[in-house]
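For reference, the structure discussed in these notes is given below.
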Amino acid sequence: MSNKRSNSFRRAILQGNRRLCNKGLLEESGLSVAQRLIRHMAYETLPREIDRKWFYDNYTGCPPPWFIITVTIVEVAFFVYYGLVLDRFVLQATHPGYLKSNPLVYHPQLRVQAWRYLSYMFMHAGIEHLGVNVALQLLVGVPLEMVHGALRISFVYIAGILAGSLAVSVADMSAPVVGASGGVYALVSAHLANIVMNWSGMKCQFKLLRTAFALICMSFEFGRAVWLRFYPSSYPPCPHPSFVAHLGGVLVGITLGVVILRNYEQRLQDQSLWWIFLAIYIFFVTFAILWNIFAFSLLGVRLPTAPRKPPWI
């Protein structure tokens, strides 16, 4: 995250010491299909013409947006596998054997298994859950990764995933959690917040309609998660997966995510807001870890029985 343009370099560009031409990208004609795609990505994600031109002139497509694509493929593969094992694809999380048949789901009784705070992202509650997440992370995540790079986008995504499971462990202590919604909501919330904060500068087509569509999709998915959480459980006394991870992802998106997306090709360590939000995030993670160590016993929380281990563990 450090090999970016410094503020002094950016000022030099603004003063005219640059090789970028003066006319906007939309005025250029005779572009190939690949050039039009790159131009489209620039207008989708960047609010300033100078940044759009910089990206257009310097983007080579190498490396490709591998992170979001790889995560999506793995998530779909796990869903198909467990769908075949459980013989259920719609509302898969309501299957009585859902929690018992995999080692990836976060479960409060198994919180000492630290990998579950991240691995739950590969499990989904059903095809309706997976479909919305995959659609949003491909439509929003791939363009963002093309522009900002895999390192920054993966940081926002994983930070949202971790914040989601930790938020569940603090706010919904008896519930398990599944799905990549924490990471997806972090990316989409950061992108939408960046659009709203730079509304006049964003030149993407139909931005109002597309922003409304993204909010509707997010609201639909969040409503589904809330309904499922309070639907009578298929494996009592353990409830269905929590919806709080969505909120954790949103908070990461409108803090760390916005700072990252607003500072294209600039070093984050030069931004005071970056350090402020990073410190808040680290404080929350530290607090949540201590909460998981001490609060369950101190508060006398009665947790549901842990699911049986699958035979391959």
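With rounding to the nearest 0.5 angstrom, the CG atom of Leu261 is 5.5 Å from the CG atom of Asn194. Note that the CG atom of Leu187 and the CD1 atom of Ile68 stand 5.5 Å from one another [nearest 0.5 Å]. Rounded to the nearest 0.5 Å, atoms CD1 (Ile254) and CG (Leu192) are 11.5 Å apart. In this structure, CG on Leu99 lies 9.0 Å from CE on Met123, to the nearest 0.5 angstrom. Separating the CG atom in Leu166 from the OG1 atom in Thr286 is a distance of 10.0 Å, to the nearest 0.5 Å. Here Asn198 contributes atom CG and Arg262 contributes atom CZ; the two are 5.5 Å apart, rounded to the nearest 0.5 Å.
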Would you check, one step at a time, whether the test side-chain contact (heavy atoms from CB on, under 4.5 Å) holds for Leu256 with Val156? CA-CA 7 Å; Leu256 287 173; Val156 176; 5.7 Å; no

Using side-chain contact (heavy atoms from CB on, under 4.5 Å), reason through Thr255 and Ile280 one step at a time and then give a plain yes or no. CA-CA 9 Å; Thr255 53; Ile280 294 173; over 6 Å; no

Worked verdict on Tyr43 versus Glu49 for side chain to side chain donor-acceptor pair (under 3.5 Å): CA-CA 9 Å; Tyr43 278 95; Glu49 185 67 26; 3.2 Å; yes

His129 and Ser181: CA distance, side-chain angles, deciding distance, side-chain contact (heavy atoms from CB on, under 4.5 Å) verdict: CA-CA 9 Å; His129 186 196; Ser181 298; 3.0 Å; yes

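Screening His240, His95, Lys100 for a side-chain contact (heavy atoms from CB on, under 4.5 Å) involving Tyr235 leaves a single residue, His240.
A pairwise comparison of heavy atoms in Gln92 and Gly83 identifies NE2-CA, 3.2 Å as the closest pair. Residues Gly248 and Ala163 share a closest heavy-atom pair of O-CB, 4.0 Å. In terms of heavy-atom proximity, Pro241 sits nearest to Val177 at CB-CA, 4.3 Å. Closest non-hydrogen pair, Val184 versus Tyr157, comes out as N-CE1, 3.9 Å. Here the closest heavy-atom approach between residue Val188 and residue Leu136 is recorded as CG2-CB, 4.2 Å. Nearest heavy-atom pair across Pro108 and Phe296 is CB-CE2, 4.5 Å.
By the 4.5 Å heavy-atom criterion applied to side chains, Pro239 and Ser174 are counted as neighbours. Inter-residue side-chain proximity for Gln113 and Ser119 is flagged as unmet; no heavy-atom pair is nearer than 4.5 Å. When side chains are defined from C-beta on, Ile260 counts as touching Trp274, because their heavy atoms get closer than 4.5 Å. By the 4.5 Å heavy-atom criterion applied to side chains, Leu46 and Val147 are counted as neighbours. For the pair Arg116/Leu104, no side-chain contact is recorded, criterion being any heavy-atom separation below 4.5 Å from C-beta on. Counting heavy atoms from C-beta on, the side chains of Ile158 and Leu118 come closer than 4.5 Å. Between Phe155 and Leu151 the shortest side-chain heavy-atom distance does not fall below 4.5 Å. In this structure, Phe89 and Leu130 have side chains that are not in contact, with every pair of non-hydrogen atoms separated by 4.5 Å or more.
Between the Tyr185 side chain and the Met218 main chain, a donor and an acceptor come within less than 3.5 Å of each other. Side chain of Glu221 to backbone of Cys217: no donor-acceptor contact under 3.5 angstrom is found. A donor-acceptor pair is defined here as one N or O able to donate and one able to accept, closer than 3.5 Å; such a pair exists between the side chain of Ser233 and the backbone of Cys238. A distance-only check finds no donor-acceptor pair linking the side chain of Ser189 to the backbone of Gly253 [under 3.5 Å]. For Glu145 (side chain) and Phe67 (main-chain N/O), a donor-acceptor pair under 3.5 Å exists by modelled atom type.
By the 30° and 60° cut-offs, the orientation of the rings of Phe287 relative to Trp291 is tilted. Aromatic ring pairs are classed by plane angle as parallel below 30°, tilted from 30° to 60° and perpendicular above 60°; the pair Tyr82 and Phe78 is parallel.
Centroid-to-centroid, the aromatic rings of His124 and Phe79 stay 6.0 Å apart or farther. Ring centers of Trp227 and Phe220: at least 6.0 Å apart, outside the cut-off. Between Tyr106 and Tyr120, the distance from one ring center to the other does not fall under 6.0 angstrom.
Hydrophobic clustering (ILVMFWY, side-chain heavy atoms < 4.5 Å, transitive): Val285 and Ile293 are in one cluster. Clustering ILVMFWY residues whenever any of their side-chain heavy atoms sit less than 4.5 angstrom apart, transitively, puts Leu290 in the very cluster that holds Phe284. Under the 4.5 Å side-chain heavy-atom criterion for Ile, Leu, Val, Met, Phe, Trp and Tyr, Val258 and Leu144 are members of distinct hydrophobic clusters. With hydrophobic clusters built from ILVMFWY side chains whose heavy atoms lie under 4.5 angstrom apart, Val196 does not share a cluster with Leu139. Both Val142 and Ile73 are assigned to one and the same hydrophobic cluster, defined by single-linkage of ILVMFWY side chains at heavy-atom distances under 4.5 Å.
Relative to the ring axis of Phe243, Arg224 does not place its NZ or CZ within 45° and under 6.0 Å from the centre.
Of the N and O atoms on the side chains of Tyr117 and Asn292, at least one donor lies less than 3.5 Å from an acceptor on the other residue. No side-chain donor from either of Thr45 and His148 sits under 3.5 Å from a side-chain acceptor of the other.
Ion pairing of Glu44 with Arg210 is present here, as a side-chain N (NZ or NE/NH1/NH2) and a carboxylate O approach within less than 4.0 Å.
Counting heavy atoms of neighbouring residues, nucleotides and ligands inside a 6.0 Å radius, atom CZ of Phe230 exceeds 12 of them. More than 12 heavy-atom neighbours from other residues, nucleotides or ligands sit within 6.0 angstrom of CZ on Arg111.
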